[in-house]
*Asks:* 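For reference, the structure I am asking about is given below.
One-based numbering, in listed order, for ligands and for the atoms of each. These values consider heavy atoms only, across backbone and side chains, with no hydrogens, waters or symmetry-generated copies.
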Amino acid sequence: MTLPPEIPIAAPELGTEEEQAVLQVLRSGRLAQGPVVESFESSFAHYVGAPHAVALGNGTMALCATLRCLGIGTGDEVITPAFSFVATANAVLYCGATPIFADIDPQTYTLDPVSVEAVLTKRTRALLPVHLYGQPADMAPLRRIAQERRLLLIEDACQAHGATYGDTPVGMLGDAACFSFYPTKNMTAAEGGMVTTADASLAQRLRQFRNQGQRSRYDYAGYGLNYRLSELHAAIGVVQLAKLPAATAARQRTAASLNAALADLQAAGVRLPATGAGRTHVFHQYTVALPQRDAVAAALTDARIGTGIYYPQPLHQIPFLRPPSGAPPVLPHAEAAAASVLSLPVHPQVSAPQVRRIADALTSAVMHGSAERHPATVPKG
Ligand SMILES: *Cc1c(COP(=O)(O)O)cnc(C)c1O
């Protein structure tokens, strides 16, 4: 039997402020979308510097509603990275459109603009880059492609609350951006989602769509569903948003300490996270890449250190996402990443002594593994 990790891979920071906020909503008697959701939206819009923010039930709903309200549907192709969480591709399928997978940049794990160019067709309607692990995708060249080809540009920002690209915050880098507040994300609402946009008409369509297409009670603008966020969830979100800057700084400090503690392992083939020029990384995950990944992960589990593999399979090789006819595309960097990435604990509760413990355990696992493969190089004594 495996003991639970002493340093988990994720740990939401919930305290008495969140408890008080939820209790207050419970006692108010108003549970469904109302003033607390509105206040969560306005503080999130302010944080991102976005003219509009629309709250939805979760990040997947944010993606589905955004694509649909932007008019993406049957016959359309949406280009997205092959290396992401499955929700990115599912949202495209939900709209009746086809996800077209492009490769990633091997350094940053984000959508490679050159690979995007290679899969453009006359059916391409939108680019859907993912700010993976908390690092913005390389948005300038993607925006250039989107402008030249008159494509929509939608950010999957579910892992990147508070990151920036140049002077621009994530959430303001395209036509719309979708955030998630799942418990493992950089901030949580238990479940929750948000769309930020400068497009007032899109914001209005999203507000209607999430509420059965209603302009006002029983006055229907069109088709819609119940994609609303509850007041209870929004209450947690408001408190968590206020804590986000400090939590992000803590993640960045821990990532810097891990970088320093693991620097020597680069000679043994361990690749540390790289941040692209002009970008800030908010370290939703601290992810290394190494050839002997599965054995090292098992060793860390034995040392009671939580790890994660995000993601073990590239999207283009998942059976239901493969093209109906023909072989799946070959996307070498996405495939290599799926085989070699390993995320280590970087959340705000990771302490300095725990950084040391993670680094020591990883070092010993890597050295032990390489000694087994190359016995001749084991130092004597
Ligand atoms: C978490 C996540 C989602 C989905 O968000 P949920 O709130 O879990 O529905 C979508 N895309 C990415 C990249 C994510 O990490």
*Asks:* Identify the heavy atoms of Asp175 and Leu151 that sit nearest to each other, and give their distance.
*Replies:* OD2-O, 4.3 Å

*Asks:* What's in the same ILVMFWY side-chain cluster as Val54, cut-off under 4.5 Å, chained through other members?
*Replies:* Leu56, Met61, Leu63, Leu67, Leu70, Ile72, Val78, Val92, Tyr94, Leu128, Leu152, Ile154, Val195, Leu202, Leu206, Phe209, Tyr223, Leu225, Tyr227

*Asks:* Parallel under 30°, tilted from 30 to 60°, perpendicular over 60°: which one fits the rings of His161 and Phe179?
*Replies:* tilted

*Asks:* Using the test side-chain hydrogen bond (donor to acceptor under 3.5 Å, both in side chains), find all partners of Ser84 that sit at least two apart in sequence or belong to another chain.
*Replies:*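 With sequence neighbours excluded, Ser84 shows a side-chain hydrogen bond (donor to acceptor under 3.5 Å, both in side chains) to Thr88, given in chain and number order.
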
*Asks:* Give the residue, atom name and distance (to 0.1 Å) of the protein heavy atom nearest atom 4 (C) of ligand 1.
*Replies:* Thr60 OG1, 3.6 Å

*Asks:* Can you sort out which atoms of ligand 1 are near Thr88, meaning under 4.0 Å from one of its heavy atoms?
*Replies:*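 That gives atoms 11 (N) of ligand 1.
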
*Asks:* Using a 4.0 Å cutoff against the non-hydrogen atoms of Gly59, which atoms of ligand 1 qualify?
*Replies:*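 Heavy-atom distances to Gly59 below 4.0 Å select 5 (O), 6 (P), 7 (O), 9 (O).
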
*Asks:* Atom 11 (N) of ligand 1: which protein heavy atom is closest, and how many Å away?
*Replies:* Asp156 OD2, 2.8 Å

*Asks:* With only distance considered, is Glu191 within less than 3.5 Å of ligand 1 through an N or O on each side?
*Replies:* no

*Asks:* Classify the ring geometry between Phe44 and Phe181 as parallel (under 30°), tilted (30 to 60°) or perpendicular (over 60°).
*Replies:* perpendicular

*Asks:* At less than 4.0 angstrom from any non-hydrogen atom of Val130, what atoms of ligand 1 do you find?
*Replies:*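 Under 4.0 Å from Val130, ligand 1 has these atoms: 13 (C).
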
*Asks:* Just need the protein heavy atom nearest to atom 14 (C) of ligand 1, so name the residue and atom and give the distance.
*Replies:* Lys185 NZ, 3.1 Å

*Asks:* Establish, from distance only, whether the side-chain atoms of Glu18 and Gln240 form a donor-acceptor pair under 3.5 Å.
*Replies:*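 A donor-acceptor contact under 3.5 Å links the two side chains.
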
